[in-house]
Amino acid sequence: MALAASALQALRFATFPIAGQIFFQSKLSIALVNLKPLVPGHVLVIPQRVTARFSDLRPDEVSDLFASVHKVSRAIELEHKAGAMTIAIQDGAGAGQSVPHVHVHVIPRTTGDFEPLDDIYPALEKVDIAEQHALSQRAGRGGDGGGLKVDADEDRKPRSAEEMRTEAERFTKLFPPEHRVEF
C-alpha cells in the first residue's frame with residue numbers, strides 16, 4: 001500500500017509541494033505536519049486527490065479520509081498526551097477555507113490551551129489564511145495570499161522545511177509499516 005518515493009514527491013496540498021511534510025499514508029489519503037501549527041501536534045489529513053470541496057469527494061475518499069483521521073488523531077493524542085482533540089474542516093471560503101484542497105485539522109488539546117475553549121475556532125481561521133499566504137511565499141509566488149488579509153502573528157512563524165521534516169520523521173514511526181512514509 002505504501003506509495004513509491006516518486007509518487008510522494010508528486011503529491012501536493014493544492015498546488016504546494018509537501019513531500020517532506022508527509023508522515024502517514026493510506027490508499028487515498030495522507031497526513032502532513034503543519035507549516036504554522038496552533039499547538040504542538042497540529043497536523044492536517046488530506047485526500048491524495050486535490051479536491052477543493054468536501055462534497056466533491058467520492059464515497060471511497062470520504063471513508064478513507066475519516067478512517068485516516070481516526071488513526072492519525074489517536075496517535076497524535078497519545079504522542080502529545082492530550083486530554084482531548086479538536087477535529088475540524090473548513091469547507092469553502094465562506095467557512096474560512098483558504099487553501100483549495102479539502103483538509104482536516106487534527107489538533108491535540110490540553111487544559112488551558114485556549115480560553116475560552118471555543119477561541120480555537122477564530123485562531124483556526126487565522127492559521128488557515130496565514131498558511132495560504134506562507135505557502136504562497138514559500139512557492140516563490142509572492143503576492144498577498146490570494147487577496148486575503150493576513151494578520152501579523154509574531155508568535156507563529158512558518159517553520160523551516162527541516163523542522164517539518166524532522167517532525168514528520170518522528171510522527172511516521174507512530175504507525176504500522178503500511179502507513180509509514182520513507183524519508
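What you see below is based on every heavy atom in this structure, not just the backbone, and it leaves out hydrogens, waters and symmetry mates.
- Without hydrogens or angle criteria, Gln21 side chain to Ile18 main chain gives no donor-acceptor distance under 3.5 Å.
- Across Val39 and Pro108, no two heavy atoms sit closer than the pair CG2-O, 3.3 Å.
- Leu32 and Val50 fall into different hydrophobic clusters, where Ile, Leu, Val, Met, Phe, Trp and Tyr side chains are chained together by heavy-atom contacts under 4.5 Å.
- By the side chain to side chain contact (heavy atoms under 4.5 Å, CB included) test, Arg12 is found to be paired with Pro17, residues two or more places apart in sequence or in another chain being considered.
- Residues that satisfy the side chain to side chain contact (heavy atoms under 4.5 Å, CB included) test with Glu163, not counting sequence neighbours, are Arg159, Ser160.
- For Gln9, the side chain to side chain donor-acceptor pair (under 3.5 Å) criterion is met by no residue, not counting sequence neighbours.
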Donor-acceptor list for residues 76-88 side chains, cut-off 3.5 Å, not counting sequence neighbours:
| residue | atom | partner | partner atom | Å |
| --- | --- | --- | --- | --- |
| Glu79 | OE2 | Arg170 | NH1 | 2.6 |
| Thr86 | OG1 | Arg109 | NH1 | 2.8 |

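- Note that CG of Leu174 and NE2 of His179 are 13.0 Å apart. Values are rounded to the nearest 0.5 Å.
- Arg58 is listed as a side-chain neighbour of Leu28, based on a closest heavy-atom distance under 4.5 Å.
- Leu44 has its side chain within reach of Phe13: a pair of non-hydrogen atoms, C-beta onward, lies under 4.5 Å apart.
- Checked against side chain to side chain contact (heavy atoms under 4.5 Å, CB included), Pro59 has no partners two or more places apart in sequence or in another chain.
- The two atoms that bring Leu8 and Gln25 nearest to each other are CD2-OE1, 4.4 Å, heavy atoms only.
- Summarising the geometry, atom CG belonging to Leu11 is positioned 4.5 Å from atom CD1 belonging to Ile22; distances are rounded to the nearest 0.5 Å.
- In this structure, the side chain to side chain donor-acceptor pair (under 3.5 Å) partners of Arg53, at least two apart in sequence or on a different chain, are Asp91.
- Taking each heavy atom of Gly20 and Phe183 in turn, the nearest pair found is O-CE2, 4.0 Å.
- Proximity of a side-chain donor or acceptor of Gln90 to a complementary backbone N or O of Gln97 within less than 3.5 Å is not detected.
- The structure places CD1 of Ile30 at 11.0 Å from CG of Leu65, a figure rounded to the nearest 0.5 Å.
- Under the side chain to side chain donor-acceptor pair (under 3.5 Å) criterion, the residue pairs touching residues 62-73 are Ser26-Asp64, Ser26-Ser68, Ser29-Asp64, with sequence neighbours excluded.
- Remark: the backbone N or O of His101 is paired with a side-chain donor or acceptor of His103 at under 3.5 angstrom.
- No salt bridge links Glu169 with Lys173; every basic N to acidic carboxylate O contact stays at or beyond 4.0 Å.
- In this view, Arg180 satisfies the salt bridge (Lys or Arg N to Asp or Glu O under 4.0 Å) rule with no residue, not counting sequence neighbours.
- For Glu182, there are no salt bridge (Lys or Arg N to Asp or Glu O under 4.0 Å) partners at least two apart in sequence or on another chain.
- For the salt bridge (Lys or Arg N to Asp or Glu O under 4.0 Å) test, no residue two or more places apart in sequence or in another chain qualifies with Arg74.
- The side chain to side chain donor-acceptor pair (under 3.5 Å) test applied to Thr172 returns no partner, not counting sequence neighbours.
- One distance of note links NZ of Lys36 with NE2 of His42; it measures 12.0 Å at 0.5 Å rounding.
- By the side chain to side chain contact (heavy atoms under 4.5 Å, CB included) test, Val62 pairs with Phe54, Leu57, Phe66, sequence neighbours left out.
- Using cut-offs of 30° and 60° on the angle between ring planes, the pair Phe171 and Phe23 is perpendicular.
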